[in-house]
Amino acid sequence: MPELPEIEYCRRHVEKFALRRVVAKVMADDMWFLKGATSARALHEHLEGASFVDTGRIGKLLLLHTDRGDVLGMRFGMTGTLVIDAAPAVGDLQYSSHRFLDDWNRFSMVFEDGGVFAINDPRRLGGVELDPDLSHMGTDALDVDLATFQSLRRGKAAVKTWLMDQAHIAGIGNLIADELLWRVGIDPQRRAMSLSDDEVRALGEAVAPVVAELVERGGCHRGDIIPERHREGHCPRDGAILRSQRVNGRTTYWCPQHQV
DNA sequence: ATTGTGGCCTGCCCGC
DNA sequence: TGCGGGCAGGCCACAA
């Protein structure tokens with residue numbers, strides 16, 4: 001599913017192919033896809049005639065800045081990706097389809113030059129929002145430092161749940177959480193507050209570099225443990241059979257040998 | 001404030 | 001060969 005790396009590819013895709021093209025028409029017929037107070041009418045009024053001049057990203061939230069000062073926020077849920085002029089920003093998305101049917105374009109814009117910008121999302125778990133509220137978002141996973149992890153010492157929830165809370169760190173989803181905890185050697189079910197100083201430091205020092213490495217490798221599904229996240233999967237480090245259980249309502253795999 | 005739970009969405013995969 | 005049930009997880013509403 002799209003986590004931080006995939007959204008970063010979408011952002012780069014916009015930088016490369018969508019800036020400074022004038023929006024002629026907005027197609028926002030799927031009301032479900034409009035989040036917050038955003039209406040189709042507002043999207044027409046704010047975007048038609050405008051062009052995008054800059055991009056941003058906080059965690060899994062993609063931000064497009066228009067020449068009028070508006071910000072268009074985009075979320076891709078679990079199966080969404082960006083398609084510009086029929087070229088997808090992300091080709092191989094785990095758990096999603098490998099096709100891009102026109103029917104799955106939940107929000108799109110036609111440029112004056114005839115090109116099309118679309119969010120293609122089979123499951124409709126993504127959405128768009130005009131001028132989204134960013135005040136409750138945590139630090140982007142690529143920018144975290146040890147100070148970000150202070151509140152982890154008080155957390156009563158599982159350490160994996162803490163990592164996936166976008167108000168703490170923005171950008172970590174289920175796959176990256178499993179990868180991080182596997183690399184640092186921590187049982188995902190452990191209460192956050194039970195981590196030792198050394199463990200907090202190890203985790204804190206791992207997040208940004210590991211996420212950056214996944215961006216380099218080509219996506220969150222390129223993590224070392226991800227190919228083994230299935231029944232009978234083995235730990236790539238010591239060969240133990242991985243354990244699987246739901247943590248925070250999410251399927252979680254970990255190595256009982258070295259994640260303690 | 002923090003934490004846990006359930007529901008939303010629908011293509012795909014598996015077993016019958 | 002078709003069918004139905006379960007699965008996948010990001011996000012949000014809601015309750016305790």
Side-chain angles (χ1 to χ4, degrees), chain A residues 1-10 29-38 57-63 73-82 88 90 92-107 119-129 132-138 140-141 149-181 188-194 211 219-221 223 225-233 244-254:
Chain A
M1 80 297 313
E3 296 185 30
L4 188 150
E6 286 73 22
I7 311 307
E8 174 62 14
Y9 304 148
C10 289
D29 300 326
D30 188 347
M31 296 298 289
W32 164 260
F33 218 69
L34 311 184
K35 304 303 179 183
T38 305
R57 182 190 54 72
I58 304 176
K60 305 171 198 170
L61 178 65
L62 176 62
L63 301 168
M74 299 185 163
R75 295 186 178 280
F76 297 90
M78 173 183 171
T79 57
T81 190
L82 204 53
V90 181
D92 47 350
L93 205 52
Q94 202 160 34
Y95 302 123
S96 184
S97 172
H98 296 284
R99 298 174 296 158
F100 301 93
L101 304 187
D102 286 346
D103 277 354
W104 299 339
N105 286 343
R106 311 301 181 183
F107 170 84
I119 299 180
N120 194 265
D121 183 3
R123 299 224 339 239
R124 298 170 81 211
L125 289 168
V128 298
E129 186 173 2
D133 176 16
L134 309 177
S135 64
H136 295 105
M137 298 202 64
D140 187 80
F149 294 82
Q150 279 309 312
S151 74
L152 186 148
R153 300 169 177 282
R154 298 187 300 273
K156 289 184 190 168
V159 59
K160 176 171 177 177
T161 304
W162 190 92
L163 282 173
M164 289 179 65
D165 187 337
Q166 304 300 300
H168 296 142
I169 302 175
I172 297 178
N174 200 37
L175 298 187
I176 296 181
D178 276 8
E179 177 77 10
L180 280 167
L181 292 165
Q189 303 177 111
R190 291 259 307 275
R191 302 281 132 189
M193 65 196 307
S194 77
V211 174
C220 61
H221 61 293
I225 198 183
I226 309 306
E228 300 296 325
R229 290 179 83 263
H230 57 82
R231 281 170 60 91
E232 309 297 320
S244 171
Q245 201 164 310
R246 290 179 89 77
V247 176
N248 189 30
R250 298 290 169 251
T251 307
T252 301
Y253 288 85
W254 75 97

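In what follows, every heavy atom counts, from backbone to side chain, and hydrogens, waters and symmetry copies are set aside.
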Colleague: Give one of base, sugar-phosphate or nothing for K35(A), where a contact means two heavy atoms less than 4.0 Å apart.
Modeller: nothing
Colleague: Between M78(A) (CE) and dC7(C) (P), how many Å, whole number?
Modeller: 13 Å
Colleague: Over how many whole Å does the gap from Q166(A) atom CD to dG9(C) atom P extend?
Modeller: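 Atom CD in Q166(A) sits about 15 Å away from atom P in dG9(C).
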Colleague: Can you figure out which of dA8(C), dC11(C), dT10(B) approaches the side chain of R246(A) most closely?
Modeller: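 The answer is dA8(C).
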Colleague: Suppose we screen for side chain to side chain contact (heavy atoms under 4.5 Å, CB included). Which residues come up paired with D133(A), at least two apart in sequence or across chains?
Modeller: S135(A), H136(A)
Colleague: Could you tell me the separation between the CG atom of D121(A) and the C1' atom of dC9(B), rounded to a whole number of Å?
Modeller: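 Distance check: D121(A) CG to dC9(B) C1' gives 9 Å.
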Colleague: Would you indicate what G249(A) reaches in the nucleic acid, counting non-hydrogen atoms under 4.0 angstrom: base, sugar-phosphate, or nothing?
Modeller: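 Nothing, no nucleic acid heavy atom in range.
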Colleague: Can you check nucleotides 13-16 of chain B for protein contacts, nitrogen or oxygen pairs under 3.5 Å, and list what you find?
Modeller:
none

Colleague: Quick one: list whatever passes ring pair (Phe, Tyr, Trp, His ring centres under 6.0 Å) with F149(A), sequence neighbours left out.
Modeller: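 W162(A).
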Colleague: Would you say T79(A) places a side-chain N or O within less than 4.0 Å of OP1 or OP2 belonging to dG9(C)?
Modeller: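 The answer is no; no side-chain N or O of T79(A) sits under 4.0 Å from OP1 or OP2.
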Colleague: Salt bridge (charged side-chain N to carboxylate O under 4.0 Å, His left out): which pairs involve residues 161-178 of chain A, sequence neighbours left out?
Modeller: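 Checked against salt bridge (charged side-chain N to carboxylate O under 4.0 Å, His left out) - neighbours excluded - the pairs reaching residues 161-178 of chain A are K160(A)-D178(A), D178(A)-R229(A).
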Colleague: Taking CG from L4(A) and P from dG9(C), how many angstroms apart are they, rounded to a whole number?
Modeller: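 From L4(A) CG to dG9(C) P: 18 Å.
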Colleague: Starting from P on dC9(B), measure out to CD1 on I119(A) and report it in whole angstrom.
Modeller: 18 Å
Colleague: Phosphate oxygens OP1/OP2 of dC11(C): is one of them under 4.0 Å from a side-chain N or O of R124(A)?
Modeller: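 Checking dC11(C) against R124(A), no side-chain N or O comes under 4.0 Å of OP1 or OP2.
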Colleague: Axis-to-axis angle across the helix from dT2(B)-dA16(C) to dC16(B)-dG2(C), five pairs an end, to 10 degrees?
Modeller: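 Roughly 30° between the end axes, to the nearest 10°.
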Colleague: Kindly point out which of dG9(C), dG10(C), dA8(C) is positioned nearest to the side chain of K60(A)?
Modeller: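 Ranking dG9(C), dG10(C), dA8(C) by closest atom to the K60(A) side chain puts dG10(C) first.
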Colleague: Can you check the D165(A) CG to dC11(C) P distance for me, whole Å?
Modeller: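 Whole-Å distance recorded here is 11 Å.
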Colleague: Grab the NE2-C1' distance between H230(A) and dA8(C) for me, whole Å please.
Modeller: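 Those two atoms, NE2 and C1', are 16 Å apart.
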Colleague: It should be established whether R75(A) places a side-chain nitrogen or oxygen under 4.0 Å from OP1 or OP2 of nucleotide dC11(C).
Modeller: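 Result: yes.
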Colleague: For E8(A), give me all partners under side chain to side chain donor-acceptor pair (under 3.5 Å), at least two apart in sequence or on another chain.
Modeller: R11(A), R12(A), R57(A)
Colleague: So, for T161(A) and N248(A), which heavy atoms are closest and what is the spacing to 0.1 Å?
Modeller: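 The answer is OG1-CB, 3.2 Å.
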Colleague: Which of these, T81(A), N105(A), T79(A), sits in a side-chain hydrogen bond (donor to acceptor under 3.5 Å, both in side chains) with D121(A)?
Modeller: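 Of all the options given, the one that passes is T79(A).
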Colleague: Suppose we screen for side chain to side chain contact (heavy atoms under 4.5 Å, CB included). Which residues come up paired with L125(A), at least two apart in sequence or across chains?
Modeller: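 Partners of L125(A) by the side chain to side chain contact (heavy atoms under 4.5 Å, CB included) criterion, ordered by chain and then number, come out as M78(A), R123(A).
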Colleague: By side chain to side chain contact (heavy atoms under 4.5 Å, CB included), which residues pair with E228(A), not counting sequence neighbours?
Modeller: H230(A), H234(A), P236(A), L242(A)
Colleague: Kindly write out the residues that satisfy side chain to side chain donor-acceptor pair (under 3.5 Å) with R124(A), not counting sequence neighbours, or none if the list is empty.
Modeller: D30(A)
Colleague: Under the side chain to side chain donor-acceptor pair (under 3.5 Å) rule, collect the residues that match up with R231(A), sequence neighbours excluded.
Modeller: none
Colleague: With no hydrogens and no angle check, do the side chains of R246(A) and T251(A) hold a donor and an acceptor under 3.5 Å apart?
Modeller: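 Their side chains do contain a donor-acceptor pair, which is all the 3.5 Å distance test asks for.
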Colleague: Could you give the CZ-to-C1' distance, from F76(A) to dG10(C), as a whole number of Å?
Modeller: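 Roughly 13 Å, once rounded to whole Å.
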Colleague: Check nucleotides 4-8 of chain B against the protein and report each pair of N or O atoms closer than 3.5 Å, with its distance, or say if there are none.
Modeller:
residue, atom, partner, partner atom, Å
dG4(B), OP1, R191(A), NH1, 3.3

Colleague: Got a sec, which residues hit side chain to side chain contact (heavy atoms under 4.5 Å, CB included) with R153(A), two or more places apart in sequence or on another chain?
Modeller: Q150(A), D197(A), V200(A)
